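If you're wondering where the values come from, they're calculated on a predicted model, not measured in any experiment. Counting starts at 1 for both ligands and their atoms, following the listed order. One is the number of the first residue; the rest follow in order along the sequence.
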Amino acid sequence: MHADLHLHTNFSDGTYSPEELAAQAARNRLHAIALTDHDTVEGCARARVACEAAGIEFITGTELTAEQDDNELHILGYFIDVENPRFRVEIGRFQAVRQNRIREMVSRLNAVNVPISAQEVFDLANCHSPGRPHVARALVKAGFCSSLDEAFERFLKKHRPAWVPKFKMSAADAIELIHQAGGVAVMAHPGLNRTDEVIPGMAEAGLDGLECFHTKHSTSVTEHYLGLAERFKLLVTGGSDCHGLNKGKPLIGTIKLPYEYVERLKHRAARNRAALSPAACSS
Ligand code: AMP
Ligand code: ZN
Ligand code: FE
Ligand code: FE
């Protein structure tokens, strides 16, 4: 039995609908999947229904953008209570930050004579959590660039004319936000960030796991992080980080996480929730 715990839909910058994602998971014979859209859990209700119909276990998740010592880090949150009031308020704020950033990027594009409108980007994104990939798609659609890569290279990367920094919470705040919503906090694709020095501090701050298995981790990188997970007593997770057809070939199916890791994650979620319950506080 296998799982993929890192997947995106069109509720953020993926291209699959939740139903298409569930169908792809079934095609790849996955037993369990988690949806981890950026700064949102809106796709989870539909993904759960579609997964249940296909006999696939569904795990609620999200991928939050955070920073630690000037490094951008992505923190995955699993088993979150999507009704948690503070979580809802905070991710609403992150979504507003994303929308304002799109407006700012568009005005910088306009300043270099690329006349696209924020509305074109919002219409194309059609979600509350838009990001640079949507601006890139709008640039391609309007004929200003011939590929998403070109859009990033010419306009959207750091130090390019339309690049706008994004407000980020601290990694410790992201971990705490996930925990108070009953979730489990995992550092996404550490091999892409290459900031191992932040891991001990994050473990201290309550980080639950490391995403050791990821499409962009080579075997040696995976082994390196399996070693760090053991050293800092962190759980191990993995996922493909599939964005559908956004970035070429769909990645779902490229990571098949053995189900025993999901079991351990579930135990941790139960433990984290128990630590929050009023009974735990009064004892
Ligand atoms: P944002 O969170 O809005 O800053 O956007 C980050 C997203 O842009 C991530 O999903 C990246 O994988 C994606 N991205 C970064 N560089 C490129 C690129 N050259 N081509 C396509 N997507 C990219
Ligand atoms: Zn993404
Ligand atoms: Fe990420
Ligand atoms: Fe991701």
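Note on His8: counted as a metal contact of the Fe ion (ligand 4), an N/O/S atom lying under 2.8 Å. Between the Fe ion (ligand 4) and His243 there is no N/O/S contact shorter than 2.8 Å.
For the pair OD1 of Asp13 and NE2 of His38, the angle whose vertex sits at the Zn ion (ligand 2) is 90° to 10 degrees.
Per residue Glu63, closest N, O or S atom to the Fe ion (ligand 4): atom name OE1. Between the Fe ion (ligand 4) and the N, O or S atoms of Asp241, the shortest distance is to OD1.
Taking every heavy atom of Asp149 and a limit of under 4.0 angstrom, the matching atoms of ligand 1 come to 18 (C), 19 (N), 20 (N). Shown in contact with Asp13 at under 4.0 Å from a heavy atom are these atoms of ligand 1, numbered in order with element: 10 (O).
Taking the six-membered ring wherever Trp is involved, the centroid distance between the rings of Tyr225 and His217 falls below 6.0 Å. When ring centroids are compared, His243 and His8 come within the 6.0 Å threshold. Note: His189 and His74 meet the aromatic proximity criterion, with ring centroids under 6.0 Å apart.
Counting heavy atoms from C-beta on, the side chains of Phe87 and Thr62 come closer than 4.5 Å.
Between Arg98 and Asp39 there is a salt bridge, since at least one side-chain N of the basic residue sits less than 4.0 Å from a carboxylate O of the acidic one. Between Glu176 and Arg86, at least one side-chain nitrogen of the basic residue sits less than 4.0 Å from a carboxylate oxygen of the acidic one, meeting the salt-bridge criterion. A salt bridge links Glu90 and Arg93; the closest N-O separation between the charged side-chain nitrogens and carboxylate oxygens is under 4.0 Å.
Of the listed options Pro130, Ser147, Pro133, Gly131, Pro133 places a heavy atom closest to atom 5 (O) of ligand 1.
Taking 4.0 Å as the cut-off, Arg101 counts as a neighbour of ligand 1 on heavy-atom distance.
If you look at Lys157 next to ligand 1, there are no close heavy atoms at all, none under 4.0 Å.
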